[in-house]
Amino acid sequence: MNIQMQVGGLLISLLLLYFYSRHETVGLYTEKLFRRALYVTIVCLILDILSIVLIVNSAFFPLWVVELECKAYLVSLISNGYTALIYACSDIYHREQTDRYAFVLGIGTILWGMLIFALPISIFSEDHVVYTYGPACIATYAGALALLLGTLFIITKNRKRMLLKRRKAIMSWLGMWIIAAMIQFFNSSILLVGFASVMGMVILFFELENPETNLDRKTGLFNRYAFDDFMEQRYREEKDCCVIELLLKDRQSKEMKADQLESAIYEVSRFLRGASEGKIFKTDDREFVLVFSEHAALRSTFGKIENRFRKSWLSNDIDEEGIYMQPYYLVVPSKKIAQNVDELIETLRFFKTHRMDSPENRVFVLDEENVTKKREREQILAELKAAMDEERVEVYFQPIYSVTDGCFTAAEALVRIRKENGDILSPGLFIPIAEETGLISRLGEIVFARTCRFMKENDIRKYGLEYIEVNLSVIQCESKNLADNYIEIIDRYQIDPKLINLEITESASVVMKNILLNNMQALISHGISFSLDDFGNGQSNLNYIVDMPVKIIKFDRNMTKAYFESEKARFVLQATMNMIHEMNLKVVAEGVETAEQLMEFQKIGIDYIQGFYFAKPLKQAEFLKFIKEHNMQK
């Protein structure tokens, strides 16, 4: 009966070893420790079976041989406890620290094993029931119990540092072992410890160490989870490496069937398996990550990949041309550019999104400079979010001069962020990030509300101002709720809508243009006017002026600058201005900085002038003081 359970456990262990050895492993330290624990378990079971056989047939062997083998089995039980403790440590401590613990505990385990060999042992064999007892067995139980309790203590103390799944699996393994040991301690005829160890290994295999969980099923390459674990180990061991993330784009997506593309990706996977001198991970449908220990291996593999991708894929299966794939590369010269694996993965994701859409950026190197810029971006984003939450968003105003009236009749509201240290964050830094992240909608509403509050608290008409311009971003224009939100803010502050002019920019999206038109009609019917901003920035379209119900066209500062530098630009600006005037629209020239520019634009008939010649954007109190001083002198 006893030997049947041990034989069954041995067969299960050998099956585990077979299935585990069928697949390539990533090379994780936990994989090495699991394999070691599995070997120790198999040896333990073999010694257990052999001890039973020798005890049953003790008449044919010298007593010292039987006792020696039985003691060897007892020592193997201690070794099993030792491997469990080291396996648990691997998920808590760095590799070097775990190795130090393994060395110290290994010495202790060897010394305890020597003690077991030195102590006497007694053997019981009667009616097919065999077991050992005596001082050697007691020492074994004491040593195993110490190792198990030590493992439980380490896991409990460092539970927050362990993955929940790993902690539960190891605790289940230990729990089964402890229960089996207690049963066997109080009833020596029931030999459960060896079999319980096998069941623990089964739990670890299916919960944590099954190699198939680290494989992509379609290609057999390592998957995203394996990459995360592998790089996590690299960081914990402080071993440097270099990385290539390879992204594939086919040139025939519209004509290609899904199964053809899948076959091409599989062929690429087979090629990479043979060409790469590093670890290969398939992290997405068309993404591969290659990790190398040395730069020479990266350069060699990169050259092979570039040469192969000049040719087609599946050329024998489809036609002579086959499928041509366009590779894009993110190259990480050193993992040191990121502080941990999470930052590395996030950095790869960020630059993949922001760099890979441009054909000229087929190869992008993530060096310290680029990563520093990304970190600065994250700091700005954090500053922007905090500023909106903590009411550190300020509105400055830049006066707009009316040539006809000879005074300042309008102003443009411009957003500024006040940092915690009191400095002003430049709009050129946070506006692009706000647009990219979608925060521009919330920021725009804050600016509009602050502008309305300013107009409510200060009767701007008494200063000679007719309206204030507020910018709308392209993202805001895509919102179907734009008109309702802005009308609600106007009503909240009880502002005359005629005092507000909203600046829009051009958009290539037909759908968005229709949404914008609907918003504009709703706001115009409420009394708000519109102007077209940044005309002349390189994306201008005269049809946009015709289609959009705007009253004012603002010439971009670049157009203003070009007017004084190029004869062609002067002709274009004058011709455009004449067309705009014939449509009964007004023109604002931005970026005017000198008296000569002012006089020239006055002469050719520009309606409004805006620029540093008069004033930079001013704080609210300074703006009111400026307007009062200049308009009251009129």
Side-chain angles (χ1 to χ4, degrees), residues 393-416 444-472 482-504 519-533 549-554 580-581 584-590 592 598 601-602 605-634:
V393 177
E394 299 183 8
V395 179
Y396 281 42
F397 296 95
Q398 186 173 33
I400 298 176
Y401 181 79
S402 170
V403 174
T404 302
D405 297 327
C407 64
F408 297 95
T409 58
E412 180 177 0
L414 298 165
V415 62
R416 296 292 186 267
E445 290 191 7
I446 292 174
V447 171
F448 186 69
R450 298 279 168 83
T451 302
C452 289
R453 186 175 68 184
F454 170 78
M455 288 190 286
K456 179 178 177 62
E457 294 174 351
N458 304 276
D459 183 3
I460 63 172
R461 284 194 177 102
K462 73 179 182 182
Y463 292 95
L465 298 175
E466 299 173 0
Y467 63 89
I468 291 181
E469 298 177 347
V470 182
N471 288 281
L472 285 178
L482 173 67
D484 292 338
N485 293 342
Y486 272 47
I487 290 173
E488 187 277 326
I489 293 173
I490 291 171
D491 293 343
R492 186 197 315 162
Y493 289 98
Q494 299 178 340
I495 299 301
D496 184 353
K498 294 180 180 178
L499 294 174
I500 299 170
N501 177 276
L502 296 178
E503 297 184 7
I504 62 172
N519 280 317
M520 291 179 71
Q521 293 297 344
L523 290 166
I524 288 171
S525 64
H526 200 68
I528 294 172
S529 63
F530 282 84
S531 60
L532 181 61
D533 195 18
V550 297
K551 290 186 176 182
I552 299 171
I553 308 298
K554 302 189 74 172
I580 292 171
H581 280 159
N584 294 321
L585 304 178
K586 300 293 185 181
V587 176
V588 178
E590 295 183 300
V592 174
L598 172 64
F601 281 153
Q602 286 176 322
I606 294 289
D607 301 292
Y608 299 99
I609 306 295
Q610 180 179 352
F612 286 0
Y613 173 73
F614 293 112
K616 294 181 179 181
L618 302 169
K619 296 179 182 179
Q620 296 181 12
E622 294 174 353
F623 168 73
L624 290 175
K625 180 181 179 182
F626 176 91
I627 295 298
K628 183 177 181 180
E629 290 177 352
H630 288 78
N631 280 1
M632 297 309 175
Q633 294 176 0
K634 179 176 176 288

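Computed from heavy atoms alone, side chains included, the values below leave out hydrogens, waters and symmetry copies.
Here the CE atom belonging to M455 is positioned 14.0 Å from the CZ atom belonging to R450, to the nearest 0.5 angstrom. Y608 OH to F408 CZ: the interatomic distance, rounded to the nearest 0.5 Å, is 13.5 Å. Atom-to-atom distance recorded for L502:CG and I468:CD1 is 12.0 Å, nearest 0.5 angstrom. With rounding to the nearest 0.5 Å, the separation of CG in D484 from CG in L482 is 9.0 Å. Taken to the nearest 0.5 Å, the NZ atom of K498 stands 8.0 Å off from the CZ atom of R461. The line from OH of Y401 to CG of L598 is 7.0 Å long, rounded to the nearest 0.5 Å.
Aromatic ring centres of F626 and F614 lie farther apart than the 6.0 Å criterion allows.
Ring geometry, Y486 versus F448: the interplanar angle falls under 30°, so the pair is classed parallel (tilted spans 30 to 60°).
Under 4.0 Å is where a charged nitrogen must lie from a carboxylate oxygen, and between K554 and E469 at least one such pair does. Using a 4.0 Å cut-off between charged nitrogen and carboxylate oxygen, E394 and K619 do not count as a salt-bridge pair.
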Notebook entry, point to check: When you look at I553 and K586, which way does the side-chain contact (heavy atoms from CB on, under 4.5 Å) test go after all the steps?
Noted result: CA-CA 6 Å; I553 308 298; K586 300 293 185 181; over 6 Å; no
Note to self: Run D496 and Y467 through side-chain contact (heavy atoms from CB on, under 4.5 Å) and show every step you take.
What the structure shows: CA-CA 10 Å; D496 184 353; Y467 63 89; over 6 Å; no
Next item on the list: Could you go through the side-chain contact (heavy atoms from CB on, under 4.5 Å) check for C452 and I500 one step at a time?
Entry: CA-CA 9 Å; C452 289; I500 299 170; 4.1 Å; yes
Notebook entry, point to check: Should L414 and V395 be marked as a side-chain contact (heavy atoms from CB on, under 4.5 Å) after you check the CA-CA gap, both sets of side-chain angles, and the distance that decides it?
Noted result: CA-CA 6 Å; L414 298 165; V395 179; over 6 Å; no
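Between F601 and V403 the shortest side-chain heavy-atom distance does not fall below 4.5 Å. Between L624 and N458, some side-chain heavy-atom pair lies under the 4.5 Å cut-off. In this structure the side chain of E457 never reaches within 4.5 angstrom of the side chain of Y493, judged on heavy atoms. Considering only heavy atoms from C-beta on, M520 stays 4.5 Å or farther from L472 through its side chain. V415 is listed as a side-chain neighbour of V393, based on a closest heavy-atom distance under 4.5 Å. Within the 4.5 Å cutoff, side-chain heavy atoms of E590 are placed close to those of D533.
In terms of heavy atoms, L523 sits closest to F530 at CD1-CZ, 3.7 Å. Contact between I528 and I490 at its shortest, heavy atoms only, is CD1-CD1, 3.2 Å. Scanning both residues, A413 and V470, for their nearest heavy atoms gives CB-CG2, 4.2 Å. Taking all atoms of both residues into account, the shortest heavy-atom contact from Y463 to I627 is O-CG2, 3.4 Å. Between A522 and S525, the shortest heavy-atom contact is O-OG, 2.6 Å. Here the closest heavy-atom approach between residue E445 and residue I489 is recorded as O-CD1, 4.0 Å.
Checking each of I580, L585, I400, N501 against I552 for a side chain to side chain contact (heavy atoms under 4.5 Å, CB included) leaves exactly one that passes, namely N501.
In terms of the side-chain contact (heavy atoms from CB on, under 4.5 Å) criterion, residue partners of F612 (sequence neighbours excluded) are, by chain and number, Q398, E593, K616, P617. Remark: S402 engages D405 in a side chain to side chain donor-acceptor pair (under 3.5 Å) (not counting sequence neighbours).
Taking the ring centre of Y396 as origin, the terminal cationic atom of R416 falls inside the region bounded by 6.0 Å and 45° from the ring axis.
A donor-acceptor contact under 3.5 angstrom links the side chains of N471 and E412, judged on distance only.
Under the 3.5 Å distance criterion, the side-chain polar atoms of N631 are left unmatched by any main-chain donor or acceptor of C407. The backbone N or O of A483 sits less than 3.5 Å from a side-chain atom of N519, completing a donor-acceptor pair.
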